[in-house]
Amino acid sequence: QVQLVESGGGLVQAGGSLRLSCAASGSTFSSYAMGWFRQAPGKEREFVAAITRSGVSTYYADSVKGRFTISRDNAKNTVNLQMNSLKPEDTAVYYCAAKPGAVIVISSGLYEYWGQGTQVTVSS
């Protein structure tokens, strides 16, 4: 099992930046592909970004491509999401998730472990 704890959310003005972190414990972190998802009020949870076990490959939703960067540090058991040029439509609860194996996917149903989420609010 993997326990995931997100941090770094908050309130920021449009155009600003935030860096989310997700700390993992309980199992071999490097065995898991990692993803970030978000859920806005009244909307379904949506894929944001994912990274392979080694960190070599990443994948982004079109809505965040060029603005967000996912990274991981397997020595520290952390995965990060650097968010720049934030927009009001980025407002959501952000979740990190872990998926066993090498392949990164965008379907939330294939991720086995989830954090509790961290709120990101972008004001206009």
Side-chain angles (χ1 to χ4, degrees):
Q1 278 196 336
V2 178
Q3 291 79 45
L4 303 171
V5 179
E6 302 96 336
S7 61
L11 173 64
V12 64
Q13 288 189 333
S17 298
L18 281 175
R19 183 177 177 85
L20 305 183
S21 292
C22 175
S25 62
S27 188
T28 306
F29 178 68
S30 58
S31 299
Y32 297 87
M34 298 297 297
W36 283 97
F37 291 78
R38 66 187 182 187
Q39 188 167 17
K43 296 188 177 181
E44 293 189 354
R45 190 169 298 186
E46 65 173 359
F47 170 80
V48 174
I51 189 166
T52 53
R53 295 181 301 185
S54 65
V56 170
S57 297
T58 58
Y59 188 78
Y60 298 92
D62 288 343
S63 59
V64 306
K65 200 173 297 182
R67 300 188 297 123
F68 290 11
T69 303
I70 188 172
S71 61
R72 68 188 295 162
D73 185 336
N74 286 342
K76 296 182 178 179
N77 289 0
T78 57
V79 58
N80 302 304
L81 186 69
Q82 178 66 43
M83 306 186 296
N84 299 329
S85 302
L86 283 161
K87 305 175 181 180
E89 51 263 44
D90 294 317
T91 295
V93 177
Y94 283 71
Y95 300 88
C96 70
K99 172 194 165 295
V103 179
I104 54 176
V105 298
I106 66 171
S107 173
S108 61
L110 296 178
Y111 287 79
E112 291 194 12
Y113 303 104
W114 293 82
Q116 83 289 347
T118 186
Q119 176 71 47
V120 171
T121 303
V122 184
S123 63
S124 56

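As the structure is a prediction and not an experimental result, all values here were calculated from the model.
With 3.5 Å as the limit, one finds a donor-acceptor pair spanning the side chains of Asn84 and Gln82.
Under the 30°/60° scheme for interplanar angles, the aromatic rings of Phe47 and Phe37 are found to stand perpendicular. Between Tyr94 and Phe68, the ring planes are tilted. Angles from 30° to 60° get that label.
Considering all non-hydrogen atoms of both residues, Leu4 and Ala98 come closest at CD1-N, 3.8 Å. Taking both residues in full, the closest heavy atoms of Val105 and Tyr111 are given as O-OH, 2.6 Å, listed atom of the first, atom of the second, then distance. In terms of heavy-atom proximity, Arg19 sits nearest to Ser71 at NH2-OG, 4.2 Å. Summarising the geometry of Val103 relative to Lys99, their closest heavy-atom pair is O-NZ, 2.9 Å, with the distance given to 0.1 Å.
Here Leu18 contributes atom CG and Asp90 contributes atom CG; the two are 10.0 Å apart, rounded to the nearest 0.5 Å. Atoms OG and CD, on Ser108 and Glu44 in that order, are 8.5 Å from each other to the nearest 0.5 Å. Distance check, rounded to the nearest 0.5 Å: CZ of Phe29 to OG1 of Thr78 gives 6.0 Å. From Glu6, atom CD reaches atom OH of Tyr95 across 8.5 Å, with rounding to the nearest 0.5 Å. Between the OG atom in Ser124 and the NZ atom in Lys87 there is a gap of 14.0 Å [rounded to 0.5 Å].
When each of Ile104, Thr52, Ile70 is paired with Thr58, the side chain to side chain contact (heavy atoms under 4.5 Å, CB included) condition holds for Ile70 and for no other.
A donor-acceptor pair is defined here as one N or O able to donate and one able to accept, closer than 3.5 Å; such a pair exists between the side chain of Arg67 and the backbone of Ser85. A donor-acceptor distance shorter than 3.5 angstrom exists from the side chain of Thr91 to the backbone of Val122, with no hydrogens or angles considered. No donor-acceptor distance shorter than 3.5 angstrom exists from the side chain of Glu46 to the backbone of Arg38, with no hydrogens or angles considered. With Asn74 contributing its side chain and Arg53 its backbone, the two residues share a donor-acceptor pair below 3.5 Å.
The cluster map of Ile, Leu, Val, Met, Phe, Trp and Tyr, joined by side-chain heavy atoms under 4.5 Å apart, puts Val93 and Val48 in different clusters. Under a hydrophobic-cluster definition in which Ile, Leu, Val, Met, Phe, Trp and Tyr are linked whenever side-chain heavy atoms come within less than 4.5 Å, directly or via other members, Leu81 and Tyr113 are assigned to the same cluster.
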| request: May I have the step-by-step check of side chain to side chain contact (heavy atoms under 4.5 Å, CB included) for Arg45 and Trp114, ending in yes or no? | output: CA-CA 12 Å; Arg45 190 169 298 186; Trp114 293 82; 3.2 Å; yes
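Annotation for Tyr59: atom OH does not count as buried by contact number, only 12 or fewer foreign heavy atoms lying within 6.0 Å. Lys43 NZ: 12 or fewer foreign heavy atoms inside a 6.0 Å radius.
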